Amino acid sequence: MTTEMTSNQKDQSPLLEGRGVSKYFGGLAALHNVDFAIYPGEIMGLIGPNGSGKTTLFDCLSRVQQINTGEIHFKGQEISKKKPFQVAHMGLARTFQVFRVYRKLTVLENMLLSRQWRNESIFRQLRPSHPDTDQRARELLEFLTLDHLTYEQAGNLSGGQQRLLEIGMALMPDPELILLDEAASGVNPVLINTIKDRILHLSNEQGKTFLLIEHNMEFIGDLCSRVFVLNFGEKLAEGTPEDVMTNEDVIEAYFGS
Ligand SMILES: Nc1ncnc2c1ncn2[C@@H]1O[C@H](COP(=O)(O)OP(=O)(O)OP(=O)(O)O)[C@@H](O)[C@H]1O
Ligand SMILES: [Mg+2]
């Protein structure tokens, strides 16, 4: 399968590149010898059946997990020995498959607490915010259509609103690359459209780069220029959404023969 690249991408270095990345949990190869490249400004999809290693790849990229072999380069720097806050500070942000909002705190407080990239302790983060930080949080909440919920406890938000809040928290430090783990999961169709629209806006208007894990193929097809498929920790295919969704190996991996 060929990899679709625009002429623009061919001239650019990847923003993020992995070479021979492996991650083992005991005898299980969650990732085995995986190569990938993501170019500035693109929205790339990461798909694969349950347990194929998608979240593990995010964990390795965001430095929550150590890789066993290979290299990961972000903005030309090898990051596979860096700490999570260091890659966050370099401009790499992520959300989590399972919600990670503080349910008892307000939406605004959650946004202000997302400044983990500064490696500040939680007690320092809870101090009264700098006016600029407060302003940024409020602007992002408006951008994500959550401003009417600014003082609501995060636990009272719908699934889709919590996903949007997590995206907002990821955007607080103004990252260049945003990894979204199942941003459309548990979200009603109206808010799925809001999430899509905001991702496209961030990509088109601000040049942000995205890597999206998603089981919702319509979401992937509508947003992604390229898709990367994992199966049992190995790269199975890569190409345009149409290419991979009609690829027989991919169909077999999802549905069996
Ligand atoms: N911390 C861990 N310790 C041991 N095994 C793990 C750990 N994290 C993931 N695994 C295993 O690694 C494999 C890949 O898991 P991963 O969560 O990356 O899959 P996934 O593609 O994100 O799946 P899903 O679509 O269900 O979210 C699975 O077999 C999983 O059980
Ligand atoms: Mg996962």
Side-chain angles (χ1 to χ4, degrees), residues 1 16-38 43-72 74 79-85 87-88 92-101 159-160 162-167 169-170 177-187 192 195-196 199 210-224 226-239 241 244-245 247 249-256:
M1 172 161 293
L16 180 77
E17 188 175 17
R19 297 182 203 143
V21 173
S22 298
K23 171 67 190 173
Y24 304 106
F25 294 111
L28 175 87
L31 295 171
H32 182 67
N33 205 19
V34 178
D35 293 334
F36 54 89
I38 300 163
I43 305 178
M44 186 154 186
L46 173 54
I47 69 170
N50 294 121
S52 56
K54 305 180 297 297
T55 297
T56 301
L57 182 59
F58 273 21
D59 288 345
C60 293
L61 296 174
S62 60
R63 307 296 313 116
V64 178
Q65 291 282 2
Q66 305 298 332
I67 59 175
N68 294 99
T69 69
E71 293 178 10
I72 303 170
F74 178 53
I79 59 163
S80 64
K81 301 282 185 293
K82 291 196 185 291
K83 298 202 171 0
F85 80 88
V87 286
L92 189 152
R94 75 171 288 186
T95 64
F96 292 86
Q97 186 169 349
V98 179
F99 293 122
R100 291 221 177 162
V101 297
Q162 290 195 25
R163 293 277 180 214
L164 279 163
L165 173 55
E166 278 202 305
I167 294 171
M169 291 164 71
L177 172 65
I178 302 133
L179 315 176
L180 300 182
D181 198 344
E182 301 201 15
S185 157
V187 182
I192 287 187
I195 292 172
K196 271 190 208 167
I199 291 172
F210 286 89
L211 180 59
L212 310 178
I213 295 179
E214 195 47 68
H215 289 289
N216 178 335
M217 294 300 158
E218 192 187 327
F219 188 86
I220 290 284
D222 288 350
L223 288 177
C224 301
R226 289 194 302 139
V227 181
F228 171 84
V229 189
L230 282 175
N231 191 34
F232 292 113
E234 297 194 24
K235 185 178 354 186
L236 182 67
E238 188 180 340
V244 299
M245 287 174 204
N247 178 301
D249 294 339
V250 175
I251 293 167
E252 177 160 345
Y254 269 92
F255 303 112

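Order of appearance sets the numbers: ligands from 1, and atoms from 1 within every ligand. The residues of the chain are indexed from 1 along the displayed sequence. Since we're looking at a predicted model, the values are computed, not measured.
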Note: P241 and C224 closest approach over all heavy atoms is CG-O, 3.2 Å

Counting only protein N, O or S atoms (no waters) closer than 2.8 Å to the Mg ion (ligand 2) gives 2

Using a strict threshold of under 4.0 Å (side-chain N to carboxylate O), is an ion pair present between R94 and D59?
yes

Do side-chain atoms of K54 reach the backbone of L46 as a donor and acceptor pair under 3.5 angstrom?
no

R63 vs F85, side-chain contact (heavy atoms from CB on, under 4.5 Å): CA-CA, chis, key distance, verdict
CA-CA 9 Å; R63 307 296 313 116; F85 80 88; over 6 Å; no

Holding to side chain to side chain contact (heavy atoms under 4.5 Å, CB included), I want the full list of residues that pass it with K235, two or more places apart in sequence or in another chain.
F228, E238

Please report the interatomic distance CD1(I220) to CE(M245), rounded to the nearest 0.5 Å.
6.5 Å

How are the rings of Y254 and H215 set to each other: parallel, tilted or perpendicular (split at 30° and 60°)?
perpendicular

Residues in side chain to side chain contact (heavy atoms under 4.5 Å, CB included) contact with D35, at least two apart in sequence or another chain
R19

Under 3.5 Å, side chain of E214 to main-chain N/O of A184, donor-acceptor pair present?
yes

List, ordered by chain and residue number, the protein residues whose closest non-hydrogen atom lies under 4.0 Å from any atom of ligand 1.
F25, L28, A30, P49, N50, G51, S52, G53, K54, T55, T56, Q65, Q97, E182, H215

